[in-house]
Chemist: 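Below you'll find the structure I mean.
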Amino acid sequence: MIQQPALEYLAHGQVPFFRLPSVPRPAPLPDGTDAVLLGATWDGGATAAPGARFAPFHVRRVSAFVQGFHPVHRVAVFDRTGAVDGGNVAFPPFDPAAVRGRIEAEVAAIAQAGAAPFLVGGDHSVALPALRAVARAHGPVAVLHLDAHLDTSGPELWGEPFHHGTPLRHALDEGLVLPGQLHQVGIRGAWGSPEDAAPGEARGARITTADALGAAGAAAVAARIREAVGDRPVYVTFDVDAVDPAFAPGTGTPVPGGLTSREALALLRGLAGVRLVGMDVVEVCPALDHADLTSHLAAHLLFEGLALRALRPGEGRGARP
Ligand code: MN
Ligand code: MN
């Protein structure tokens, strides 16, 4: 046989994220690994434009340009986290429930080993299995959700409970989020009805619209979130459509009036000190991108997340599988 088996190829990926060591799972994590990047090449949950399944390949490619020292936090991010590229979660792309199961199993293995998973979607539906896995390892978590959309829809719209408009609804329903600890930032645009925010608000979700962030400033919003989450475990789920299409054109459901890329990066940077246990960056759609702008943004968002982990490494570190 000349070629790799298809699933082995899918698991291998390309140039590793940030030129880090490539450790395609289920290979054991090297000693000292505190962060694992994973691709989730799934866009079967997209309601409009598909294509986010290709994001891990493109974000990998452009992330090779990101160097390791964070000049604001004064930390060598990759040295401190011992980060590795765990490859893409390998699955045949036909059965959504099976895909969720594979993503959950892989993220759970990383989280239960005491490392922080950094998942690169894929559409936003991949956040649900990731949150299930992280909550399994850490208990319910505080969630920072950046998005133009609330993502708390139910099955009423499409007759389907699992798609990229529903992950936060399930996370709330399943008790994966600590009470009052869903922080939604970047929300904007038209709703389907006046009740769209009700499922989140009923459980104490705190919404900061894109306008409110623009008025208060990213640093002030970050400080407010930092104070609200305290020392609770924090999971960040970052839909790139939180950022304005002028800065992040490569996404399937763009909404005008979003965060600048500078605001988005400053918001994450302002969370220094929080106990980050995992993160995803989702909804990058390379086919709709220009000059890799959105992939470059995704790489830098991941770098800011990894830097947060580097400032508090080894949270819950245990034996390596
Ligand atoms: Mn969105
Ligand atoms: Mn979303």
Side-chain angles (χ1 to χ4, degrees), residues 2-27 35-46 48-68 78 83-96 98-100 102-103 106-107 110 117-127 129-130 164 237-241 243 247-254 261 278-306:
I2 296 170
Q3 288 187 293
Q4 289 175 312
L7 285 179
E8 190 182 315
Y9 159 72
L10 285 171
H12 187 270
Q14 282 174 314
V15 179
F17 285 114
F18 302 107
R19 291 175 277 120
L20 294 167
S22 178
V23 186
R25 304 287 290 164
V36 179
L37 291 132
L38 273 184
T41 59
W42 171 253
D43 56 21
R53 72 176 63 183
F54 297 110
F57 302 98
H58 290 259
V59 177
R60 272 196 185 85
R61 179 170 49 77
V62 304
S63 72
F65 296 98
V66 179
Q67 301 187 85
F78 304 131
V84 301
D85 183 341
N88 295 338
V89 183
F91 44 72
F94 310 110
D95 178 344
V99 169
R100 287 192 295 276
R102 286 291 305 126
I103 293 171
E106 194 48 59
V107 174
I110 290 163
F118 288 79
L119 191 67
V120 183
D123 73 63
H124 213 158
S125 68
V126 304
H164 74 162
T237 182
F238 202 121
D239 181 332
V240 289
D241 71 27
V243 175
F247 301 90
T251 195
T253 50
S261 49
M279 176 175 181
D280 62 62
V281 176
V282 297
E283 298 288 348
V284 174
C285 185
L288 300 173
D289 207 2
H290 300 281
D292 294 325
L293 296 178
T294 315
S295 290
H296 279 289
L297 173 64
H300 282 263
L301 294 171
L302 290 163
F303 182 71
E304 293 295 339
L306 286 159

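Only a predicted model underlies this, so the values are computations on that prediction, with no experimental measurement involved.
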Chemist: Specify the closest pair of heavy atoms between T237 and H124, including all atoms of both residues, with the distance to one decimal.
Modeler: OG1-NE2, 2.7 Å

Chemist: Rounded to the nearest 0.5 Å, what separation is found between the CG atom of L306 and the CG atom of L37?
Modeler: 5.5 Å

Chemist: Please round to the nearest 0.5 Å and tell me the distance separating atom CG of D123 and atom OG1 of T251.
Modeler: 10.0 Å

Chemist: Where the side chain of D85 meets the backbone of F17, is there a donor-acceptor pair that is under 3.5 Å apart?
Modeler: yes

Chemist: Considering non-hydrogen atoms only, spot the tightest contact between P93 and R53 and give its length.
Modeler: CB-NH1, 4.4 Å

Chemist: Measure the shortest side-chain to side-chain distance between V89 and V126 over non-hydrogen atoms and say whether it is less than 4.5 angstrom.
Modeler: no

Chemist: Determine whether T294 and P249 make a side-chain contact, defined as any pair of heavy atoms from C-beta on separated by less than 4.5 Å.
Modeler: yes

Chemist: Would a 4.5 Å heavy-atom cut-off, applied to side chains only, mark D239 and H164 as touching?
Modeler: no

Chemist: Mind checking whether F91 and W42 have parallel, tilted or perpendicular rings, split at 30° and 60°?
Modeler: perpendicular

Chemist: Walk me through whether H58 and V284 qualify under side-chain contact (heavy atoms from CB on, under 4.5 Å).
Modeler: CA-CA 9 Å; H58 290 259; V284 174; over 6 Å; no

Chemist: Does a side-chain heavy-atom distance below 4.5 Å link S295 with V59?
Modeler: yes

Chemist: For the residue pair L297 and A248, what are the closest heavy atoms and their distance?
Modeler: CD2-CB, 3.9 Å

Chemist: Find the distance between CG (N88) and CG (L119) and round it off to the nearest 0.5 Å.
Modeler: 9.5 Å

Chemist: Give the minimum heavy-atom separation between A298 and V281, together with the two atoms involved.
Modeler: CB-CG1, 3.8 Å

Chemist: Check whether any side-chain heavy atom of P129 sits under 4.5 Å from a side-chain heavy atom of V107, and report yes or no.
Modeler: no

Chemist: What heavy-atom pair brings A40 and P56 nearest, and what distance separates the two atoms?
Modeler: N-CG, 3.9 Å

Chemist: So, taking the atom named CZ in R60 and the one named CZ in F18, what distance separates them when rounded to the nearest 0.5 Å?
Modeler: 11.0 Å

Chemist: What distance do S125 atom OG and I103 atom CD1 have between them, rounded to the nearest 0.5 Å?
Modeler: 7.0 Å

Chemist: When you compare the side chain of S22 with that of V84, does any pair of heavy atoms fall below 4.5 Å?
Modeler: no

Chemist: Side chains of F118 and L301: closer than 4.5 Å at any heavy-atom pair?
Modeler: no

Chemist: Indicate the atoms forming the closest heavy-atom contact of A48 with G252, along with that distance.
Modeler: CB-O, 4.0 Å

Chemist: Can you tell me how far apart CZ (F54) and CG (D289) are? Round to the nearest 0.5 Å.
Modeler: 14.0 Å

